[in-house]
Structure formats: structure tokens, C-alpha cells
Protein chains: 2
Amino acid sequence: MTEIPAPPWRTDKRPVRQPLSQDAIVAAAIRVLDAEGLDAVSMRRVAQELGTGPASLYAHVANKDELYELMLDSVVGETVADAESAVHEPDWQQGARRIARAGRDALRRHRDLARVAMTGFPFATNSLRVTEAYLAILRGAGLPDQIVAWAVDRLALYVTADVLEGAYYYAKGWKTEEQAHAYFEQAADYLRALPPERFPNTVAMVDTLMSGGSDERFEHGLDMILDGVARYLP
Amino acid sequence: MTEIPAPPWRTDKRPVRQPLSQDAIVAAAIRVLDAEGLDAVSMRRVAQELGTGPASLYAHVANKDELYELMLDSVVGETVADAESAVHEPDWQQGARRIARAGRDALRRHRDLARVAMTGFPFATNSLRVTEAYLAILRGAGLPDQIVAWAVDRLALYVTADVLEGAYYYAKGWKTEEQAHAYFEQAADYLRALPPERFPNTVAMVDTLMSGGSDERFEHGLDMILDGVARYLP
DNA sequence: GTCGAGCAACGAACACTGTTCGTTCCACGA
DNA sequence: TCGTGGAACGAACAGTGTTCGTTGCTCGAC
């Protein structure tokens, strides 16, 4: 099949007329997300990115919510290979840790997309594959099903909540991390200035409470969840 | 101060002219929330509830986000008394449980308001009081500060996530619980129909995975968190 | 007793949003 | 060769949050 070059005449009527597709739309949406944040991903903005109007998108995508979920599943897809290879890890805790880390890394690569993961259930195909990997590892370790179900719930929630905390300032429309840092500093000062007779513990623990977002803290929380689960090994 | 009755003349010009206030606005917003769900709480809808226009609200509320946070703090206020009395509970696990339960009950009374709790940090006064109660209980038990900070984080997240799961169908605009039940049934069928060679664990665990929302499950998850934390007692 | 200042209330408008309708136009199969 | 199904699209609708400029009221100072 040799590609027939576009005829030089008649090219003035329509610019290029390259066909749209769901994949192209999702890719464009993720491009906007990475550049401007989730709130900027509107149907008009995505259409503009593709050089067309918003109505054209509805032939490939049911509505904006579906587009958001497709974006999430596309990003989750970045972790599927990692997750499925982690199933063969001899140490089950290490396997679970690898899936969690891969999910966190993928979400962190895409601004505040984690907000989408907080609303709705992971029924898309890539999410299901990651869940299946989790289940295989935890069941393979011999944990009872009830505990496995709870643990998967908790791990997924922990990962997205951690990312969400780190991406918090995107939601406020801030551009730089300096602004975010200033905000947190100000918040800490506010807590320190609370009346110590009514909030003695809060005031005393300000620094400990506000030390979120770091890798060490994420790993430590992961350890605590997995250690808690390990108590239910037969 | 005897109240002077409104003069019968001149009443045609303005209906009543009762002064607006932040409390009145928040109360009206919660009324709309309870009746129609969070998505229905727009500045125009709240203003309509008060018989005025949206611009009038901005004298008492900075913007819609602040209104949402005020609503949340008002609802959290319903639990402050409970939380602060739980501090005197002799058993620290029982104390923490009481705060968590009170928070869950309060959030469940108000549709999908839990969505607001998922975005943003609890810096409003009532939330701070509840946090202080948590801290007092857990520190009083002798837990190290690092663990206490993590546990409070986890407990708050667990409560709101549990409520959010139960209120999921509000976000979809569904009215009745029958619709929600049908949706979950359909979702379960979808999972059961997955290819068993690629999703053996998911298919096998469908019923366990989808058994969310009940009180027993909430209590069980609470036990698991608290038991996990208890390992760090000196 | 009168005046002035400050502020709450508000009508109208702006710049957006998601979504739908009706039309146009093209590529493919009969 | 024609007919048809479906994608692309322009325009519009009904909303949204927020701001501006004006009005009208109330309270304190003179």
C-alpha cells in the first residue's frame, strides 16, 4: 500500500483532515494535563490542542468524566509491566512495595491526576491488571481473602492520597513549588500560634504533622501497612 | 428592646430585607446539600435559597471553595463534643474509635460532602479540635510522635474514604439507592465475566472485594489500623 | 438634627464550562 | 456509480464562578 500524496489542489478547503481517534484525544488531554494541570483539561482545550472544536470529541468519548477515566487508565498503564513482573518477587512484601512505588511514581509524573483516582472505582482494564497483581501477591503469601481485599483497598488509597498531598498546590492554581512551600510555612506558623492551653498537642507536634510528601515518609507508611497485614499470616 | 413591627406601608418596595450572614449562608448551603447533593450547591442555588442573587454572597464568603470548607467545618462541628469527651476514655483504642465513628456518622448524614474533606487540609477550627483530641488520646497512650502523626492521618483518611464509597452514587447524580445497587450488581457481573486465565484472583474474590459500606467492615478496618498502631507502644 | 462615610445588597455582565442539535462532507461497500 | 453511515464541525443552550458599578441603608460624628 503506497501512500498517495495529498493532491495539491483542493488543499485550501480543509487544512489536513487527519482523522480523530480516542487514543489521540487521550494523548492530547494528557499533554494538556502535564502542561497546565487537570483543571485546564476542558473539552474545548483538548479540542484546541487537536485543532478542532469540542463537538468533534463526542464521537470518540462519551463525556468529560469518561475522558478523565481514560486518561487515568492510560497513566496506570505505565505501571502494568512493573506490577505484573512484581508478582514473581519471592518476598511478598517486596512485591507489594514495588507495585505501590510504581503507582506512586506514575501518578506523580502527571500533576494532580490523582484527583481522578480518588473519585470512582478502578474498573478500567489497566487498573484491573494492577489489582490482579496485588491480589496474586497477597493471596500467594497465604493471607486470608478478607484481609487481602482490605489490604488492596488500603494500599491503593494510601498511594493516591500520598500523591494528592504532594500535588496539592496544583489544585490551588499555583505554578511554582516556592508558592506551595510558602503556603505550608504559613500554615505551620498558624498552627504554632494556636493557644497552647487549648491545643497543646497540636502545637507541640507541628513539625511532625507537617512533614509530609517525602519518599522516606511514604516508605515508612508502606511498611506500617504491610507489617499490620503480616500479623494475619497463618 | 421591644421589636417594632414592620410598618404596613412601604413593604411593597423590598420583601423583607433580612440581613445576610455567613452562618445563614452556610446553613442554606447545607440545606441544599442535604436535599440535592453537593453538585447542586452553586452560588446561584444558595442565593436563590436565601431569596437573593449570587453577588450578595461574596460580602460574607470569599469564594465557592471557602463556602465548601465552611460547610465541612460546620458538619465537623457536630462531632466536636463527642471527640472531646472521648479524650477521657480510659482505653485509648476505644477513645480513638469513638472519634472515628462520630466523624463517620456526621459525614454520612450529609450526602457526598465527604468529597470536600478529600481535597484540602483540615485547618478550620472544628477540624483542629478533633485533631487535637486524636493527638491527646494517642500521645496519652504513650505512642511516639512519629507514629501518632501517621495514625491521625490514616484514621482521618480512612473515615472519609469509607463515607465516600458509600456516597458514591450521589456523585453520579443518581437519586435512589436501587440505582446504586443495580450499578454495583452490574459491576460485579462484569468482574465475574473477566477471562479467568488472566484474572483468576479477581474473579475468585469478586464478592469479597465488593462487600463495602457496611458497619462491620468499617469497624474491622478500624481494628486493623489500631492494632497496627498498637505494635509501636513502648 | 443633619450630614457623611462605609458597607451590604444587588442587577448586569464577562468569560468560561459541558453538552446537544443540525448540517456538511467524506470514504467505503453494493 | 450511487447511496449510505458516520465522523467532523459550527452554532447554540443552559449553566457555572466571579467582578464591576450602582444603589440604598445604617450608624457614628459633628
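For the pair A/L57 CG and D/dA8 C1', the computed distance is 10 Å after rounding to whole Å. The nearest whole Å value for the distance from the CD atom in B/Q48 to the P atom in D/dG17 is 13 Å. Taking atom CG of residue A/L20 and atom P of nucleotide C/dC25, one finds them 19 Å apart after rounding to whole Å. Here D/dT18 presents its P atom at 10 Å from CD of B/E66, a figure rounded to the nearest Å. Look at CG on B/L67: it is 14 Å from C1' on D/dT18, rounded to the nearest Å.
Set against D/dT19, D/dC9, D/dA8, the side chain of A/A55 has D/dC9 as its closest nucleotide.
Residue contacts for A/T52: at a heavy-atom cut-off of 4.0 Å it reaches the sugar-phosphate backbone alone, with no base atom in range.
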Identify the pairs formed between an N or O of the protein and an N or O of nucleotides 14-18 of chain C at a distance under 3.5 Å, and give each distance.
from	atom 1	to	atom 2	distance (Å)
C/dT17	OP1	A/S42	OG	3.2
C/dG18	OP1	A/K64	NZ	3.2
C/dG18	OP2	A/M43	N	3.1
C/dG18	N7	A/R44	NH1	2.6
C/dG18	O6	A/R44	NH2	2.9

Using atom types as modelled, flag every donor-acceptor pair under 3.5 Å from a side chain in residues 77-86 of chain A to any protein atom, sequence neighbours excluded.
from	atom 1	to	atom 2	distance (Å)
A/E78	OE1	A/R109	NH1	2.4
A/E78	OE2	A/H110	NE2	3.0
A/T79	OG1	A/V76	O	2.9
A/E84	OE1	A/R129	NH2	3.1
A/E84	OE2	A/R129	NE	2.9
A/E84	OE2	A/R129	NH2	3.4
A/S85	OG	A/D82	O	3.1
A/S85	OG	A/R98	NH2	2.6

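The pair A/R104-A/D162 meets the salt-bridge criterion, with a side-chain N (NZ, NE, NH1 or NH2) lying under 4.0 Å from an Asp/Glu carboxylate O. Residues A/D207 and A/R192 are paired through a salt bridge, judged by an N-O separation under 4.0 Å between the basic side chain and the carboxylate. For B/E132 and A/R198, the salt-bridge test fails: no basic side-chain N is under 4.0 Å from an acidic carboxylate O.
With sequence neighbours excluded, the residues satisfying salt bridge (charged side-chain N to carboxylate O under 4.0 Å, His left out) with A/D153 are B/R217.
In terms of position on DNA chain C, the residue among B/S56 and A/A62 whose nearest nucleotide sits closer to the 5' end is B/S56.
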Exercise. Could you go through the side-chain contact (heavy atoms from CB on, under 4.5 Å) check for A/Q22 and A/E66 one step at a time?
Key: CA-CA 11 Å; A/Q22 193 176 80; A/E66 184 180 297; 4.0 Å; yes
